[in-house]
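First listed ligand is number 1; within each ligand, the first listed atom is number 1.
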Amino acid sequence: MEQLMQENRIFNPPSDFVKNAAVPGMDAYNALCAEAAKDYEGFWARLARENLYWKKPFTKVLDETNPPFYKWFEDGLTNASYNCLDRNLENGNAQKTAIIFEADDGKVTNVTYSDLHARVCQFANALRKMGIKSGDRVIIYMSMSIEGVVAMQACARIGATHSVVFGGFSAKSLQERIVDVGAIAVITADEQMRGGKALPLKVIVDEALALGDCEKVKNVIVYKRTGGNIAMTAGRDSWMHEVVAGEAKTCEPEWVSAEHPLFVLYTSGSTGKPKGVQHSTGGYLLWAILTMKWTFDIKPSDVFWCTADIGWVTGHSYITYGPLAVGCTEIVFEGVPTYPNAGRFWDTIQKHKATIFYTAPTAIRSLIKAASVDESVHPKKYDLSSLRLLGSVGEPINPEAWMWYYENIGSSRCPIADTFWQTETGGHMISPLPGATPMVPGSCTLPLPGIMAAIVDEAGHDVPNGSGGILVVKRPWPSMIRTIWGDNDRFVKAYFPEELGGTLYLAGDGAIRNKDTGYFTITGRIDDVLNVSGHRMGTMEIESCLVANPLVAEAAVVGRPDDMTGEAICAFVVLKGGRPTGDDAKKLAMELRNWVGKEIGPIAKPKDVRFGDNLPKTRSGKIMRRLLRVIAKGEEVTQDTSTLENPAILEQLKQAL
Ligand code: PRX
């Protein structure tokens with residue numbers, strides 16, 4: 001994202017906010033950091049005892065005997081669903097609204113904690129009846145719904161490890177995840193509603209299972225969302241409403257070790273296929289709870305709204321687990337920000353009197369644009385006075401977008417938590433705490449207490465503030481990734497590389513700390529991972545997909561800055577039949593975009609496809625992606641090209657479609 005605006009102003013937390021905050025002021029923040037520095041294990045042990053229900057208390061806090069396979073609270077027994085639901089029934093929240101479901105068409109359904117508990121128990125009982133038990137893996141391929149949350153919680157209740165696949169992924173991507181995780185059941189819906197349109201889900205599950213290697217899948221359970229026409233395979237498929245009918249509304253949870261894998265969530269890496277990020281139960285849930293308290297300053301009266309999808313980690317930590325575990329009322333939103341118009345977010349905040357709003361910079365940027373061309377969807381047309389706190393996640397927020405968010409949505413009175421974190425970290429890592437940290441637009445400020453974030457050089461040595469480097473975390477923390485599902489070696493290599501000494505957690509991002517304040521600013525990925533609209537995409541994954549097309553001889557994929565989506569995917573392609581031009585090129589570019597959409601999912605479609613007779617290569621045949629990045633940006637190549645075998649190719653590739 002191009003930084004058109006430099007914003008060095010400091011925005012202090014409003015004093016009335018500080019007064020009532022969970023972490024009231026920098027002294028309180030520093031005290032927590034000091035506690036962690038003084039007695040790291042004691043700090044986490046205290047928090048784990050105070051914040052989680054333990055059926056059997058843990059006796060050991062951190063097991064570091066086999067690094068980097070760290071274990072937290074391992075001999076403690078707990079259950080995530082019990083912590084999220086039963087505790088609320090005991091704490092007097094039974095009749096409190098847990099979820100306000102806002103459907104695509106604006107229809108609202110409220111569910112109390114008591115209702116939600118009953119529905120989760122019934123579904124958990126039904127899953128058990130199908131023979132699904134602790135340690136089994138279940139794929140969830142659903143859109144935003146109460147039933148999606150119920151499905152995740154029901155798996156957690158019986159100790160089954162869920163793996164949610166975003167409803168926009170293709171049959172092939174779904175099948176790869178079903179196979180990799182070894183799922184024995186799939187929970188889905190007939191269709192999903194998005195922006196007034198019904199889109200398929202069950203049909204894609206059928207296609208995925210037909211692709212092969214899915215023999216382990218014995219049950220497909222279908223939530224009826226639209227009543228659309230779908231096929232049901234006898235003996236394998238069942239309706240969610242039918243399997244829960246008659247089931248008891250209570251269900252004894254499976255008491256699992258804190259290290260029991262709660263979920264596996266696939267995310268893109270710089271090489272190979274997406275990796276199944278494995279998270280624990282105890283450490284993960286502890287951090288979801290603590291960040292709800294610290295970063296979101298959650299209060300019993302809050303109406304919390306995280307606009308993410310349950311298919312991403314943000315939806316796991318800040319829809320399914322965190323908000324329920326702290327007993328708040330949350331909005332679960334099925335729709336899209338632009339339907340029926342680009343005022344939908346503001347209308348929904350007004351309608352449900354949301355107090356905390358958490359979204360992605362891409363959404364903010366597109367709504368800024370919409371409001372600038374259509375006054376009727378400008379936030380000033382809505383009553384947003386219920387808001388007290390804003391959040392941002394998924395990608396760097398540029399200072400312009402930050403200022404607009406602050407002034408127009410937060411009326412210059414709501415702090416903004418710019419939360420830096422990752423699928424692998426389970427919860428926020430670096431973020432202002434709203435009642436403590438003075439904010440600087442574009443900076444995620446300081447690590448949360450207990451998170452030993454640092455910036456190092458390529459040999460793993462600390463760099464001084466003011467010099468950029470590689471973002472790492474120096475000590476294990478409870479909610480960190482445990483391994484890559486089924487691939488311990490890849491886990492070690494990807495996150496604890498030898499070059500950095502083997503003990504530092506490598507986030508994969510570059511960062512710089514301000515000379516005076518020590519504030520962190522994330523400068524972007526240092527690997528071949530792109531961030532498009534807050535979604536992570538591996539360039540290698542898209543390249544392999546392109547070369548799998550029968551027309552394609554070679555392909556290289558790079559990112560280029562995009563005002564709206566942060567980064568855009570740009571593909572340079574060599575066709576087997578020679579370089580197309582004019583209308584042919586346009587037609588083929590479209591064909592390849594659709595191919596990627598069908599093979600991976602629409603989010604992976606390249607924005608640009610450019611054809612060449614060849615790609616810029618060194619004499620040893622290595623594609624020079626560095627030069628392709630410059631061309632993709634539309635800039636002049638000023639770098640040394642003397643090692644190029646075919647410098648003339650650069651001119652050709654510059655010609656955009
Ligand atoms: O590059 C960073 C960027 O998103 C990556 C993590 O993506 P994912 O695992 O899909 O999780 C997204 C939701 C947590 C990071 O490596 N990123 C995330 N949040 C920020 C960010 N970059 C800058 N600022 C942020 N607040």
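- For Pro396, heavy-atom contacts with ligand 1 shorter than 4.0 Å involve the backbone as well as the side chain.
- Test Trp477, Tyr318, Trp294, Trp287 against His428 for ring-ring contact (aromatic ring centres under 6.0 Å, His included) and you get one pass: Tyr318.
- Distance check: Lys275 NZ to Asp180 CG gives 13.0 Å after rounding to the nearest 0.5 Å.
- Counting only heavy atoms of the protein, atom 7 (O) of ligand 1 lies nearest to Arg536 CD, 3.1 Å.
- Around atom NZ of Lys71, no more than 12 heavy atoms belonging to other residues, nucleotides or ligands sit under 6.0 Å away.
- Ranking the protein heavy atoms by distance from atom 16 (O) of ligand 1 puts Asp509 OD2, 2.4 Å first.
- For the side-chain hydrogen bond (donor to acceptor under 3.5 Å, both in side chains) test, residues two or more places apart in sequence or in another chain that qualify with His162 are Tyr321.
- Atoms of ligand 1 lying under 4.0 Å from at least one heavy atom of Asn531, given by number and element, are 3 (C), 4 (O).
- Ligand 1 has no N or O atom lying under 3.5 Å from any N or O atom of Ile522, backbone or side chain.
- Salt bridge absent: Arg513 and Asp462 never bring a charged side-chain N and a carboxylate O closer than 4.0 Å.
- Looking at Thr423 next to ligand 1, an N or O pair under 3.5 Å apart turns up.
- Taking a 4.0 Å cut-off on heavy atoms, Gly394 registers as neighbouring ligand 1.
- Proximity to Trp421 (heavy-atom distance under 4.0 Å) selects the following atoms of ligand 1: 6 (C), 14 (C), 15 (C), 18 (C), 19 (N).
- Ionic pairing of Lys607 and Asp562 is present here: one or more N-O contacts between side-chain nitrogen and carboxylate oxygen are shorter than 4.0 angstrom.
- Considering every non-hydrogen atom in both Ile600 and Met537, the closest pair reads CG2-CE, 4.5 Å.
- Geometrically, ligand 1 and Ser392 share no nitrogen or oxygen pair separated by less than 3.5 Å.
- Listed by atom number, the atoms of ligand 1 under 4.0 Å from Val393 heavy atoms are 13 (C), 14 (C).
- Nearest protein heavy-atom neighbour of atom 20 (C) of ligand 1: Glu395 N, 3.5 Å.
- For ligand 1, the atoms closer than 4.0 angstrom to any heavy atom of Thr419 are 19 (N), 20 (C), 25 (C), 26 (N).
- With sequence neighbours left out, the side chain to side chain contact (heavy atoms under 4.5 Å, CB included) criterion links Pro67 to Tyr70.
- Contact between Leu262 and Ser280 at its shortest, heavy atoms only, is CB-O, 3.4 Å.
- Residue Thr314 has no nitrogen or oxygen atom sitting less than 3.5 Å from a nitrogen or oxygen atom of ligand 1, judged on distance alone.
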